[in-house]
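To keep things clear, I will list the structure first and then write my remarks on it.
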Amino acid sequence: MTPHLLDKLNPEQLAAVTLPAQHALILAGAGSGKTRVLITRIAWLISTNQATPQGILAVTFTNKAAKEMLTRLSAMLPINVRGMWIGTFHGLCNRMLRAHHRDAGLPQLFQILDTADQQAAIKRLLKALNVDDEKFPPRELQHFINAQKEQGLRPAAVEAWDDYTRRRVELYAAYEQQCQREGVVDFAELLLRCYELLERNEPLRRHYQARFRHILVDEFQDTNVLQYRWLKLLAGHAEGGRAAGLPQGAASHDPEPRSSGCIFAVGDDDQSIYGFRGAEVGNMRDFEREFEVANIIRLEQNYRSHGNILDAANAIIKHNERRLGKNLWTDAGAGEPIRVFEAFSDGDEARWIVEEVRALSRDGHTRREIALLYRSNAQSRILEHALFSAGIPYRVYGGLRFFERQEIKHALAYLRLIANSDDDTAFARVVNFPARGIGARSIEQLQDAARAAGSSLFAAIPQVPGKAGASLAAFAALIDKMRPAMDLPLPELVEHVVELSGLRQHYQNEKEGQERLANLDELVNAATSFVAEEGRELPESEDGEATGEPTGELSADLAAFLTHAALEAGEHQAGEGDDALQLMTVHSAKGLEFNVVFMSGMEEGLFPHENSILEAKGLEEERRLMYVAVTRARQRLYLSFAQTRMLHGQTRYGLSSRFIDEIPGELLKWLTPKAKKGGYAYEAADAFTPSPRPRAGGGGERGGLRVGQSVAHAKFGQGVIVNAEGSGSDARVQVNFGPAGMKWLALSVAKLEAL
DNA sequence: TTTTGAGTCCTTTTT
DNA sequence: GGACTCAAAA
């Protein structure tokens, strides 16, 4: 027992940590010590012998959070956390599927498709079935399939209302067959397959139910339908109606005796920002009702931010209607006001940030403690450019991840082919890369042969006659030649494959190949550190699986590495230890905190993003995102926006974000003169041709129209011009008509009346 | 078959 | 601004 474990907790935190073994819901505001409560709870359960490390399952959403949990836990307790079931939903499901791959109907070395792989697989499928990808855009189909899976729906269970959807369901079914044949699994499939495994296999389900006495869930507000059902299954909570979408109710109390664990869920409905990928805030309410949660504890004291920052966050989130309700407070002082800066252009904004960062550095702030946040990844480029020119070290999270770079994916595809030659996605990726004279026609022949034989592309190679067949056979020979290298240690295997595949040679010959070569070397390093990594989980052997398989331990290394590459694509970052400025999207900033936060791009259409402005639901999610952004800051918060911004090669004119207006004025300190809304916009009257350095205010106007101008339209009603492009007779304006939506109107056609 | 160049669409956020 | 697709030329 570690007596000082509970020392520094406040009464609410203490109550949460030491709750009896019942279902519990902790509503934890930003910075209220949520993670701390979760970790201390685990430590407390173990050190008071209420649970064994093996009896605990703790699940998070990001690898970052899972890793942190493991580190902090091992600092608290003198135990080996290695074998513990702590990880992301995807990671834990993967682990379960690997352990019971046969019961789950998967090959032992099944591969995981990331988003790009999945899209490639769908494109390949559409091509093979001769489906018009104009009518069924791969991206859209991908979303459709994932959405169904996240609802827990197999093709047979999807209700198709129209022909279009019926066809999409057919394609969904075909996609499933393809994946099954190739032995690959996409992200959503990991969860669904694991859920079905537990649901159908009663002994297995009982085994895990009996084992996991305590199930702890971080960021519960981000769970989707399927994840919630998975949790229910593990906690032995019977599902109501089996049919999808049926509200339970009939079976609200346990038919099975309580032979299983209880759920300790921690969440903050105000920080639910993953609705776009199926997260259901409603799960919090459902959980409360279905599990008859007696213990709801609110953690409202914030230990992170100064008062002004917190007041701003509270003021913003108050504009949302659907809330469980909670108000953060702090006993730290009010602190500094929130600084607001208006820039002429995105470039000016970036340069101003650079200057401000320099000043902060002079004042003794560490760069590591300064974060630069933005709404979308595309915004990072201009910031990076300015920082790079200024010689300020920085580190970008997210964006193009290491394992998503093309040269890395190519190398991994060779490795995947070695592990599983049926992996057609990997096959298609590298069969002609580097170029070896196998073009579209040869592939087509091969595909026909494969379809006729019902086999994978690789297996169908001997079927192809002639010259194409010879080239293909040479490729097959190449892969076969690589295979013995599986007996080498992983880093050497990677090195070997980079060499034999001709990738190294290829990039050496390429003009821009230097960086790619460096990345391939980095991949070897990544393999080295992966093998050396201490905290890596060992292959599960408790259920007698994974014995007697022909595959040796080394290929288990390979499989684990490939899994790591797919599941933890973002984890591998160079320059981790440096004192660098932190750049990331608001989404990836969740769960982190910094002394100083710059929130850039505070413009209507960007933040809130124009795609979400129209529906209340979308806008509320944007607002929660803003709430997350604001609450990342401990001492100082900057909000900045630009009047013009380059977006997809076009100049866009922005208004300041409504979220700035939602902060009480007395909390703000304008670093530039505050203009009246709509009034500051320079007139774009010159037929809206963007001028390089727009003048502010004044000047003549044409037809009384300019960005920020209120207008009236006969059909759509009143609105505000938010954007403009083109000139002369091509001039078009984008108008936000509020309830009637966002419209692009040609000035020569639409009759707009200036108000 | 491969390479190159013009043209198109894109972009929200992540495991 | 860039990744990707498709057409024409080597």
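Lettering of chains follows the sequences in order, A, B, ..., and the numbering in each one begins at 1.
Listed pair S442(A) / dT1(B) meets the phosphate criterion, a side-chain N or O lying under 4.0 Å from OP1 or OP2. Contact between the side-chain N/O atoms of R436(A) and the OP1/OP2 oxygens of dT2(B) is not found at any separation under 4.0 Å. Proximity of N377(A) to the phosphate of dT13(B): a side-chain N or O atom is located under 4.0 Å from OP1 or OP2. For N224(A) and dT15(B), the shortest distance from a side-chain N or O to OP1 or OP2 is not below 4.0 Å. The phosphate of dT15(B) (OP1 or OP2) has no side-chain N or O of T115(A) nearer than 4.0 angstrom.
Residue-level contact check: Y274(A) touches the backbone only, with heavy atoms under 4.0 Å from sugar-phosphate atoms and none from bases. D114(A) comes within 4.0 angstrom of no nucleic acid atom, judged by non-hydrogen atoms across all strands. Residue F61(A) is classed as a sugar-phosphate contact, given heavy-atom separations below 4.0 Å to backbone atoms only. Using a 4.0 Å heavy-atom cutoff across all strands shown, L625(A) reaches no nucleic acid atom at all. When heavy atoms are screened at a 4.0 angstrom cut-off, K590(A) is found touching no nucleic acid atom at all.
Rounded to a whole angstrom, the distance from the P atom of dT13(B) to that of dC4(C) is 15 Å.
Here F276(A) counts as stacked on dT13(B): its ring centre is under 5.5 angstrom from the base ring centre and the planes meet at under 30°.
Of the residues near DNA chain B, A435(A) and E150(A), the one whose nearest nucleotide (by heavy atom distance) lies more toward the 5' end is A435(A).
Taking the centre of each ring, H319(A) and F659(A) stay at or above the 6.0 Å mark. Aromatic ring centroids of F427(A) and F475(A) lie under 6.0 Å apart. Two rings, from F276(A) and H587(A), have their centers less than 6.0 Å apart.
Rounded to whole Å, the distance from NZ on K64(A) to P on dT15(B) is 8 Å. Taking atom NE2 on H564(A) and atom P on dT15(B), their separation rounds to 13 Å, with Å as the unit. Taking atom CD of residue Q142(A) and atom C1' of nucleotide dT14(B), one finds them 12 Å apart after rounding to whole Å. In this structure, the CD1 atom of I438(A) is 8 Å from the P atom of dT2(B), given to the nearest Å. In this structure, L619(A) atom CG and dT13(B) atom P are separated by 18 Å, rounded to whole Å. Following rounding to the nearest Å, D186(A) (CG) and dT14(B) (P) show an atom-to-atom distance of 18 Å. One interatomic measurement links the two molecules: CG of L190(A) to P of dT14(B), which rounds to 19 Å at whole-angstrom precision. Note: CZ (R381(A)) to C1' (dT11(B)) measures 14 Å, nearest angstrom.
A salt bridge does not link R658(A) to E622(A): none of the charged nitrogens lies less than 4.0 Å from a carboxylate oxygen. Ion pairing between K590(A) and D268(A) fails under the 4.0 Å rule for side-chain N and carboxylate O.
Classified by interplanar angle (parallel below 30°, tilted 30° to 60°, perpendicular above 60°), the ring pair Y507(A)/F433(A) is tilted.
To the nearest 0.5 Å, the span separating CG on L190(A) from NZ on K149(A) amounts to 9.0 Å. For the atom pair CZ (R277(A)) and CG (N146(A)), the distance works out to 11.5 Å, reported to the nearest 0.5 Å. Distance check, rounded to the nearest 0.5 Å: CE of M626(A) to CG of N320(A) gives 12.5 Å.
The side chain of R139(A) lies closest to dT11(B) when the candidates are dT11(B), dT1(B), dT15(B).
Seen from the ring of F110(A), R98(A) counts as a face-on cation partner, given the 6.0 Å and 45° thresholds.
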Wobble G-U and Watson-Crick pairs count when both distances are under 3.5 Å; given that, what is the 5' to 3' dot-bracket string of DNA chain B, with | for pairing to other strands?
||||||||||.....

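Side-chain contact between E407(A) and L523(A) is absent, with no heavy atoms from C-beta onward closer than 4.5 Å.
Chain A approaches DNA chain C over the interval dG1(C) to dT5(C), counting the first and last nucleotide 5' to 3' with an atom under 4.0 Å from its heavy atoms.
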